[in-house]
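Here the structure is laid out as structure tokens; the discussion comes afterwards.
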Amino acid sequence: MKRLVVLAVLLLLPGLLAAATRHDPGPTRYITDEQGRALFLHGFNTSGSAKSDPDRLPWITEDDVQTEYDLMGTNFVRFLIQWQALEPERGVYDEAYLDAVAERVDWYAERGHHVLLDMHQDLYGRHTSPEEHSGNGAPQWATHNDGLPVESQDMWELVYLEPGVMRSFDHFWNTTGDHPDLMDDYAAAWNHVAARFVDEPAVLGYDLMNEPFGGSLQGPDFEAGPLAELYRRCLDRIREVDQDAWIFVEGQAVGVNWGFPSALPHLEDPREGGPRIVYAPHAYPLPMDLGRPYEGDSRATVDTSIDLWSDSVRVTAERLEAPIVLGEFGLDMSGPGAEAYVRRMLEETEAMATGRAYWSNDHDGWGPWADTDLSPGPLVEVMSRAYPRAVAGHPEEVSYDADTAVFRVRFTERGGVSGPTEIHLPEHAFPDHELTVDAPDGWTSDWDEERRVLSVDIPDHGEGTEYTITVVPA
């Protein structure tokens with residue numbers, strides 16, 4: 001069966017890639033802050049280490065958060081939390097765990113980061129078999145595998161196809177009809193998390209489930225069925241206690257991560273004041289997932305796969321009427337073409353005017369560190385690039401040329417927006433800078449050298465007035 005799955009993918013890939021067409025860049029919707037400015041999120045997943053840590057917490061310290069900002073100017077973190085740590089017994093929440101999460105949220109808050117709390121799972125959970133494989137997520141009381149086996153595989157993703165993992169998911173989604181309350185338990189857990197963090201301004205939102213998998217139910221039947229139902233239940237429970245947070249949703253991981261279209265339907269947000277739903281897919285282009293490098297003959301194939309992913313994401317976001325944030329992308333930085341690939345993905349998200357969170361900030365070769373003392377690895381310079389932290393209007397175009405260090409943002413004035421446009425300028429590319437503002441007279445600028453943030457404040461000139469800010473090295 002496993003070989004047939006891989007073979008089917010290989011057979012379908014050429015036709016899907018040939019069908020890829022390019023759409024106009026940029027979304028029509030953006031995540032906004034309390035001043036109405038469009039936010040551009042740039043950061044890391046923190047972190048894969050939480051999966052194996054006994055306390056389910058990442059390795060990072062407060063000093064490390066500061067180091068990450070100093071080196072790469074991040075303003076965003078997708079912070080992993082786990083259901084098994086939150087609710088070790090049914091209906092009993094571990095407040096000490098939430099205290100530890102809150103402490104780390106404070107570290108980011110003090111440095112101006114936006115925090116996304118991600119309810120993370122892989123392979124459903126660590127209790128799908130007596131051997132406790134590498135899964136994480138669901139607590140033991142919510143795991144029902146009916147005694148079916150789970151064996152390790154050379155490719156860890158293939159463990160999803162093991163009978164015990166499949167059955168655990170089937171019971172969670174209640175496709176078996178035997179455990180109808182598990183999705184309600186999950187939504188109740190989100191209610192508890194939201195109630196805890198509703199008064200923390202740094203918590204931007206909640207990622208309802210990492211890389212959902214449907215068990216024996218796949219494709220549109222899964223996404224439009226039990227997955228959408230789980231999201232509706234979580235939305236309802238979160239909105240009971242938090243009206244302001246942005247709710248991040250993902251399609252099924254299988255296929256969607258590679259660039260195939262998602263069938264996730266439009267979701268109604270019961271929020272007073274209008275919806276705040278974000279589409280947050282992951283990107284792991286299929287050719288690279290199958291071991292092809294981002295160089296030589298395979299580079300063009302990967303680029304086409306990225307184009308397909310980008311187009312599919314835009315289509316789904318329009319259906320959801322949602323802004324886009326790339327929740328995960330990354331690879332082993334020691335591989336051939338790795339730096340070029342990451343730069344390509346950063347440029348793609350900038351062309352799409354979306355946020356992004358790299359996987360992850362660990363010390364495992366994927367992350368930005370050469371070793372555990374946080375010596376910079378090759379990823380640091382790639383991730384350290386000029387970007388707009390916040391745009392005081394409707395963004396039309398964002399571009400940064402890493403070779404020439406020319407940054408440009410074009411946007412139109414929108415009613416109800418206040419405050420300056422903020423741009424991060426990395427020191428290695430901008431030891432000093434020259435600023436040009438294509439706008440009527442009256443604009444002002446301010447340079448915060450310690451934070452490496454340039455603020456440009458343009459007075460109102462009427463809705464729809466277009467402005468362009470250009471920054472080059474001096």
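Bear in mind that the values here come from a model prediction, so they are computed numbers and not experimental data.
Tyr231 and Leu264 make their closest contact through CE1-CD1, 3.9 Å (heavy atoms, listed as atom of the first residue, atom of the second, distance). Among all heavy-atom pairs drawn from Leu230 and Tyr186, the shortest one is CD1-CD2, 3.8 Å. A pairwise comparison of heavy atoms in Leu346 and Val382 identifies CD1-O, 3.4 Å as the closest pair. Closest non-hydrogen pair, Ile277 versus Pro323, comes out as O-CD, 3.2 Å. Contact between Pro58 and Ala50 at its shortest, heavy atoms only, is N-CB, 3.9 Å. Closest approach of Ser262 to Gly251, counting heavy atoms only: OG-CA, 4.1 Å.
With Asp362 contributing its side chain and Gly367 its backbone, the two residues share no donor-acceptor pair below 3.5 Å. Judged by distance alone, with hydrogens and angles left aside, the side-chain atoms of Ser310 form no donor-acceptor pair with the main-chain N or O of Ile306 at under 3.5 Å. Gln243 contributes a side-chain N or O that, together with a main-chain N or O of Arg239, makes up a donor-acceptor pair within less than 3.5 Å. No donor-acceptor pair closer than 3.5 Å links the side chain of Glu87 to the backbone N or O of Gln84. The backbone N or O of Gln82 lies less than 3.5 Å from a partner atom in the side chain of Tyr97, making a donor-acceptor pair. A donor-acceptor pair is defined here as one N or O able to donate and one able to accept, closer than 3.5 Å; such a pair exists between the side chain of Gln121 and the backbone of Asn210. Remark: the backbone N or O of Ala357 is paired with a side-chain donor or acceptor of Asn45 at under 3.5 angstrom. Between the side chain of Thr143 and the backbone N or O of Pro139 there is at least one donor-acceptor pair closer than 3.5 Å. Checking side-chain atoms of Gln153 against main-chain N and O of Met155 turns up no donor-acceptor pair under 3.5 Å. Judged by distance alone, with hydrogens and angles left aside, the side-chain atoms of Ser384 form a donor-acceptor pair with the main-chain N or O of Leu71 at under 3.5 Å.
Here the straight-line distance linking atom CG of Leu80 with atom OG1 of Thr46 works out to 8.0 Å at 0.5 Å rounding. The CG atom of Leu267 sits 6.5 Å away from atom CG of Leu235, with the distance rounded to the nearest 0.5 Å. Once rounded to the nearest 0.5 Å, the distance linking CG of Asn191 with CD1 of Ile238 reads 8.0 Å. Interatomic distance, CH2 of Trp173 versus CG of Leu217, reported as 10.0 Å (0.5 Å rounding). Interatomic distance, CG of Asp364 versus CG of Asp332, reported as 8.0 Å (0.5 Å rounding). Atom OH of residue Tyr279 and atom CD1 of residue Ile324 lie 8.5 Å apart, to the nearest 0.5 angstrom.
The closest side-chain heavy-atom distance from Phe407 to Pro388 is below 4.5 Å. Using a 4.5 Å heavy-atom threshold, the side chains of Arg356 and Glu348 count as separate. Leu208 is not listed as a side-chain neighbour of Met119, based on a closest heavy-atom distance of 4.5 Å or more. Side-chain contact check for Phe44 versus Pro368: some heavy-atom pair is nearer than 4.5 Å. Counting only heavy atoms from C-beta outward, the side chains of Asp303 and Tyr294 approach each other to under 4.5 Å. His42 places none of its side-chain heavy atoms less than 4.5 Å from the side chain of His114. Trp309 places none of its side-chain heavy atoms less than 4.5 Å from the side chain of Ser305. Considering only heavy atoms from C-beta on, Thr175 stays 4.5 Å or farther from Phe222 through its side chain.
Of the residues Phe169, Trp156, Phe213, the one that meets the side-chain contact (heavy atoms from CB on, under 4.5 Å) test with Leu123 is Trp156. Here the rule is ring-ring contact (aromatic ring centres under 6.0 Å, His included) with Trp83, and of Trp141, Tyr124, Tyr93 only Trp141 fits it.
For the pair Arg233 and Glu229, the salt-bridge criterion is met [side-chain N within less than 4.0 Å of a carboxylate O]. Classification of Arg276 and Asp269 as a salt-bridged pair fails, no side-chain N sitting under 4.0 Å from a carboxylate O. Salt-bridge annotation for Arg78 and Glu250: present, with a side-chain N of the basic residue lying under 4.0 Å from a carboxylate O of the acidic one. Here Arg167 does not pair with Glu162 in a salt bridge; the nearest charged N to carboxylate O distance is not below 4.0 Å. Note on Glu68 versus Arg111: no salt bridge recorded, every NZ/NE/NH1/NH2 to OD/OE distance being 4.0 Å or above. No salt bridge links Arg344 with Glu347; every basic N to acidic carboxylate O contact stays at or beyond 4.0 Å.
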Dump the intermediate steps for ring-ring contact (aromatic ring centres under 6.0 Å, His included) on Phe40 and Tyr387, then the final yes or no. CA-CA 8 Å; Phe40 285 76; Tyr387 75 97; 8.3 Å; no
Worked check of side-chain contact (heavy atoms from CB on, under 4.5 Å) between Arg37 and Arg414: CA-CA 9 Å; Arg37 298 179 300 176; Arg414 185 164 52 84; over 6 Å; no
Does Leu98 form a side-chain contact (heavy atoms from CB on, under 4.5 Å) with His192? I'd like the steps, not just the answer. CA-CA 10 Å; Leu98 288 177; His192 193 83; 3.6 Å; yes
Between Leu286 and Asn257, does a side-chain contact (heavy atoms from CB on, under 4.5 Å) hold up when you go through it step by step? CA-CA 8 Å; Leu286 182 56; Asn257 286 7; over 6 Å; no
Walk me through whether Leu116 and Leu204 qualify under side-chain contact (heavy atoms from CB on, under 4.5 Å). CA-CA 6 Å; Leu116 172 64; Leu204 177 71; 5.7 Å; no
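Tyr206 and Asp242 share a donor-acceptor pair across their side chains, judged by distance under 3.5 Å alone. Using a 3.5 Å distance cut-off with no hydrogens or angles, the side chains of His171 and Asp146 do pair a donor with an acceptor. Thr176 and Asp170 share no donor-acceptor pair across their side chains, judged by distance under 3.5 Å alone. No hydrogens or angles considered: nothing links the side chains of Asn75 and Tyr69 as a donor-acceptor pair under 3.5 Å.
Surrounding CG of Asp99 are more than 12 heavy atoms belonging to other residues, nucleotides or ligands, all under 6.0 Å away.
Note: His282 and Trp359 fail the aromatic proximity criterion, with ring centroids not under 6.0 Å apart. Taking the six-membered ring for Trp and the full ring otherwise, the centers of Phe329 and Tyr358 sit less than 6.0 Å from each other.
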